[in-house]
Amino acid sequence: MSNTITLAPEKLENEESRPPLLFALPKGRLADQSLELLERAGLSGPVDLKSRKLVLPNGDNSIGYVMAKPWDVPTLVEYGAADVGICGLDVLRESGRRVHEPLRLPFGHCRLSVAGPKDRPDTPLRYASQPRIATKFPRLTQEFFRKRGVNAEVIGLSGSVELGPVLGLADLIVDLVETGTTLRANGLVEIRTILDVQAVLIVNRAAYQLKSEQIQGIIERVRAII
Ligand code: PRP
């Protein structure tokens with residue numbers, strides 16, 4: 001009797017009919033403007049957005065759109081699971097993923113900033129001691145304070161970072177600021193901008209060479225409208 005288990009590679013469903021180019025789009029905040037950009041650029045977008053399928057073809061099956069969590073877009077593109085993607089510069093820099101960045105896109109504008117309680121003017125950047133910083137961006141935060149010789153204790157949260165100072169968990173936060181409404185509502189003020197953020201078109205490095213005709217076509221169409 002053989003104990004061998006055969007793991008024959010099976011074709012994934014629809015693998016053969018998969019479009020030649022995969023384009024990762026972020027769900028959430030940047031989703032509507034990403035789709036609008038494709039439309040304005042005359043690129044055929046996903047045909048059935050209401051479908052639960054995660055890879056949605058365009059009309060002539062030349063592009064498959066991968067509807068992804070924003071934080072996964074740089075990973076999908078670096079590893080070539082998607083050839084092209086749209087994400088925020090904040091997510092891209094935090095990820096440290098290595099991809100081509102041929103175009104900055106005209107939406108998703110905000111900034112990554114250090115903020116702190118407005119009634120504690122002594123706390124800003126508290127360089128002398130070890131400030132506690134709550135953030136969704138531990139890598140960029142650590143880098144910002146390390147470059148300034150501050151030994152910060154970075155506390156990772158996955159959302160509503162403003163809670164840090166409000167609940168006494170942290171002295172400061174590093175978070176995205178768009179209108180400033182969330183900071184004001186929680187008694188916080190912006191202290192320093194770390195990164196100006198906007199959406200960015202990213203391309204897998206190998207695909208940039210191997211699928212250059214199709215990818216350059218996309219870049220030129222988008223460039224023409226921005
Ligand atoms: C983002 C960010 C701030 C807020 C800033 O949060 O983290 O909390 O928006 O926007 P404002 O300056 O216009 O007020 P998001 O809504 O993405 O939710 P999250 O904090 O749960 O991630």
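Atoms within a ligand are numbered from 1 in the order they appear, just like the ligands themselves.
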J.: Short list, please: which atoms of ligand 1 are under 4.0 Å from a heavy atom of Thr181?
T.: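 Answer, ordered by atom number: 12 (O), 14 (O).
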
J.: Polar-atom distance check: Val177 versus ligand 1, any N or O pair below 3.5 Å?
T.: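 Val177 vs ligand 1: no N/O contact under 3.5 Å.
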
J.: Would you mind checking if Glu143 and Lys147 are paired as a salt bridge, meaning a charged N to carboxylate O distance below 4.0 Å?
T.: yes

J.: Indicate yes or no: does Arg205 engage Glu78 in a salt bridge with an N to O separation below 4.0 Å.
T.: no

J.: For Gly108 versus Leu30, what's the shortest heavy-atom pair and its separation?
T.: CA-CD2, 3.7 Å

J.: So if I count the atoms of ligand 1 from 1 in the order they appear, which ones are less than 4.0 Å from some heavy atom of Glu162?
T.: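 It comes down to these atoms of ligand 1: 3 (C), 8 (O).
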
J.: Among protein heavy atoms, which lies nearest atom 1 (C) of ligand 1, and at what distance?
T.: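 For atom 1 (C) of ligand 1, the nearest protein heavy atom comes out as Arg29 NH2, 3.5 Å.
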
J.: What protein heavy atom sits nearest atom 14 (O) of ligand 1, and how far away is it?
T.: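 Closest protein heavy atom to atom 14 (O) of ligand 1: Thr182 OG1, 2.4 Å.
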
J.: Answer with yes or no whether the side chains of Glu162 and Thr182 bring together a donor and an acceptor at under 3.5 Å.
T.: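 Their side chains do not contain a donor-acceptor pair, so the 3.5 Å distance test is not met.
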
J.: Counting non-hydrogen protein atoms only, what is the nearest one to atom 18 (O) of ligand 1? Give residue, atom name and distance.
T.: Lys136 NZ, 4.4 Å

J.: Applying the side chain to side chain contact (heavy atoms under 4.5 Å, CB included) test to Ile86, which of Val222, Leu37, Val200 qualifies?
T.: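 For Ile86, the side chain to side chain contact (heavy atoms under 4.5 Å, CB included) test succeeds with only one of Val222, Leu37, Val200, which is Leu37.
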
J.: Specify the protein heavy atom at minimum distance from atom 21 (O) of ligand 1: its residue, its atom name, and the distance to 0.1 Å.
T.: Ser160 N, 3.4 Å

J.: Compare Asp175, Thr179, Leu176 and give the one whose heavy atom is closest to atom 7 (O) of ligand 1.
T.: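 The nearest heavy atom belongs to Asp175.
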
J.: Give a yes-or-no answer on whether the side chains of Asn58 and Ser62 include a donor-acceptor pair shorter than 3.5 Å.
T.: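 Distance-only check passes for Asn58 and Ser62.
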
